[in-house]
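Working notes, beginning with the structure itself.
Values in this document were obtained by computation on a predicted structure and should not be read as measured data. Chain identifiers are assigned alphabetically (A, B, ...) following the order of the sequence lines, protein sequences preceding nucleic acid strands; residue numbering begins at 1 within each chain.
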There are 2 protein chains.
Amino acid sequence: MAEAKDDTIANRISRALADRIISGSIEPGARLRQDHIAEEFGSSHVPVREAFRRLEAQGLAVSEPRRGVRVAAFSLGEVKEVAEMRAALEGLALRQAGPNMTAAILDQAEEATRAGDKSHDVRSWEEANRTFHRLILTPCGMPRLLAAIDDLHAASARFLFAAWRQEWESRTDHDHRAILAALRQGQIEVAASALARHVQWIGKKPVRTGSGATREAFAIIG
Amino acid sequence: MAEAKDDTIANRISRALADRIISGSIEPGARLRQDHIAEEFGSSHVPVREAFRRLEAQGLAVSEPRRGVRVAAFSLGEVKEVAEMRAALEGLALRQAGPNMTAAILDQAEEATRAGDKSHDVRSWEEANRTFHRLILTPCGMPRLLAAIDDLHAASARFLFAAWRQEWESRTDHDHRAILAALRQGQIEVAASALARHVQWIGKKPVRTGSGATREAFAIIG
DNA sequence: GGGATTAAAATTATCTATAAAATATGGCCG
DNA sequence: CGGCCATATTTTATAGATAATTTTAATCCC
């Protein structure tokens, strides 16, 4: 990898933990005990503490001094909040990216959409989805904005995994195609508002719980 | 203080460093040497490293592995970027805050504006300005959004200090008053777009450099 | 038998020490 | 006299150890 050089232990740990939190393999509210994690990664606890600080800044963990750090809980309200922030920021990014958009980028984005259609598990679908969004937004040339959007994507994905972990069905993503079509015609405003709507869509879906009953769950699609 | 209890050394250090970076008492690009800082705060370097990670996440410092941490440089492009992000996010926040707005909050905001008018130095003006924005946005009830806006405010303030450190003149802020007037009449959309424009305004101003020459500098007003 | 209290264990936050890497310095050779 | 290589110093990054606080658990009293 090209980033093998700037790979510090704290970075590796924070990425690994972020992945676990996002994929739901660690429950919300679960305690993250620095010594256990340090032992697992074969390091001391100092890089673990640094990783904690990054996760905290990303909103994936919350820390109470002297009482440890926990995986951040997330309510429907927070999911809506993240969705609205994404709508605002991705809309801005796409509007700025418009003038720099090329056909090559749109082709790559279309390929990413196809990859999402073909995927049979949440993980690869999420990967393709993120690729799509990143591709059409990167030309905005605003690194700070893109970094903020990336963090929001992580928070969204976390919810996506939680909601759809039990049953997952592949499906085509018409929204992505509509956005691409508008971009190809140079209709940036149309694409931007479609993207904003796409990202804010929060669906309801009955989910079977462990005890056999069904409850209303929420899911994002974008 | 109420927060005296959750005050860890790393928090104290990160706050102190953030204040210095924002106020410009540390130059952009300057190296932050952990042992020196640790010695200054009478601590070891471990909490200093944790503070670095937080500053990095806030965009106030950049870290290259094995090569140390530096105060983040900021170009006009980055200032514009932050301004656009603030416009998008503060607009969103104000629209959400609208329904929860009360006359009491607007009165407090007006008082903050008056305090800004009366202030004779950048620091107290910035304080009043931040108070104003926070007051009218807090009712949105979206903690993550407010935290993101706060970080962007810090980045803005940093530029404000840098641009206006040499000569500062107190002035009335008509934009704040216009926003308040719209809010009092319940015209949330008018207020939100006024806020977005207000935040994106970047002015040019001749500034005398140390060598006596004048150069064009940029400044934000909100 | 239940709630409160106290004692033990685990965990966090910090410091001191050590190893690895990068920058700066100085001498040597062309 | 200038460029280059080797050494030395500075600085980062990690490890191991210590003190204080929180959590857990068991005991005692009501």
Side-chain angles (χ1 to χ4, degrees), chain A residues 1-21 25-73, chain B residues 1-21 25-73:
Chain A
M1 291 293 175
E3 59 199 348
K5 232 18 186 312
D6 59 80
D7 208 31
T8 175
I9 291 183
N11 274 331
R12 259 201 303 278
I13 295 176
S14 92
R15 274 202 303 272
L17 290 180
D19 192 68
R20 287 185 203 174
I21 295 173
S25 85
I26 317 181
E27 295 277 310
R31 293 186 62 173
L32 296 173
R33 281 166 303 217
Q34 59 184 21
D35 283 5
H36 294 196
I37 294 168
E39 191 180 13
E40 179 192 339
F41 285 89
S43 75
S44 97
H45 57 259
V46 178
V48 175
R49 291 180 64 78
E50 294 183 36
F52 281 174
R53 282 288 134 74
R54 168 173 294 184
L55 294 173
E56 201 183 344
Q58 287 177 321
L60 294 176
V62 290
S63 147
E64 286 178 286
R66 285 272 161 207
R67 301 193 54 178
V69 43
R70 300 173 168 277
V71 176
Chain B
M1 289 295 176
E3 57 200 349
K5 232 10 182 319
D6 59 81
D7 209 30
T8 174
I9 291 182
N11 273 333
R12 257 201 305 276
I13 295 177
S14 91
R15 273 202 303 273
L17 290 180
D19 192 68
R20 287 185 203 175
I21 294 173
S25 85
I26 317 181
E27 295 276 310
R31 296 183 63 171
L32 295 173
R33 281 164 303 209
Q34 59 183 19
D35 280 7
H36 293 196
I37 294 167
E39 191 180 14
E40 179 192 341
F41 285 89
S43 75
S44 93
H45 62 257
V46 179
V48 174
R49 292 181 62 78
E50 294 184 36
F52 282 173
R53 281 290 136 78
R54 167 171 296 182
L55 295 173
E56 203 184 343
Q58 287 178 320
L60 294 175
V62 290
S63 149
E64 285 179 287
R66 289 272 161 208
R67 302 193 52 178
V69 175
R70 299 176 168 276
V71 176

Item checked: Quiz item: His36(A) side-chain donor-acceptor pair to dT11(C) base, under 3.5 Å ->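 For His36(A), whose side chain was compared with the base of dT11(C), there is no donor-acceptor pair (under 3.5 Å).
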Round to a whole Å and report the spacing from [atom1] of [X] to [atom2] of [N].
{"X": "Glu56(B)", "N": "dA13(D)", "atom1": "CD", "atom2": "P", "value": "10 Å"}
{"X": "Arg66(A)", "N": "dA19(D)", "atom1": "CZ", "atom2": "C1'", "value": "9 Å"}
{"X": "Asp35(A)", "N": "dA9(C)", "atom1": "CG", "atom2": "P", "value": "17 Å"}
{"X": "Arg12(A)", "N": "dT14(D)", "atom1": "CZ", "atom2": "P", "value": "8 Å"}
{"X": "Glu39(B)", "N": "dT12(D)", "atom1": "CD", "atom2": "P", "value": "13 Å"}
{"X": "Gln34(B)", "N": "dA21(C)", "atom1": "CD", "atom2": "P", "value": "16 Å"}
{"X": "Phe41(B)", "N": "dC15(C)", "atom1": "CZ", "atom2": "C1'", "value": "17 Å"}
{"X": "Glu50(A)", "N": "dT12(D)", "atom1": "CD", "atom2": "P", "value": "12 Å"}

Would you say [X] places a side-chain N or O within less than 4.0 Å of OP1 or OP2 belonging to [N]?
{"X": "Thr8(A)", "N": "dT14(D)", "answer": "yes"}
{"X": "Arg49(A)", "N": "dA13(C)", "answer": "yes"}
{"X": "Ser44(A)", "N": "dT14(D)", "answer": "no"}
{"X": "Arg67(A)", "N": "dT11(C)", "answer": "no"}

Note to self: Once you apply a heavy-atom cut-off of 4.0 Å, does Ile37(B) come out as touching a base, just sugar-phosphate, or nothing?
What the structure shows: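 If one applies the 4.0 Å heavy-atom cut-off, Ile37(B) turns out to touch nothing in the nucleic acid.
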Check: Starting at the 5' end of DNA chain D, which residue's closest nucleotide do you reach first, Val46(B) or Gly68(B)?
Finding: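 In this pair, the answer is Gly68(B).
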Under a 4.5 Å cut-off applied to non-hydrogen side-chain atoms, are [X] and [Y] in contact?
{"X": "Gln34(A)", "Y": "Phe52(A)", "answer": "yes"}
{"X": "Arg33(A)", "Y": "Ile37(A)", "answer": "no"}
{"X": "Val69(A)", "Y": "Val62(A)", "answer": "no"}
{"X": "Arg53(A)", "Y": "Ser63(A)", "answer": "yes"}
{"X": "Arg54(A)", "Y": "Gln58(A)", "answer": "yes"}

Just compare [options] and give me whichever is closest to any side-chain atom of [X].
{"X": "Ser43(B)", "options": "dC15(C), dT11(C), dT16(C)", "result": "dC15(C)"}
{"X": "His45(B)", "options": "dT11(C), dT16(C), dT12(D)", "result": "dT16(C)"}
{"X": "Arg31(A)", "options": "dT23(D), dG16(D), dT14(D)", "result": "dT23(D)"}

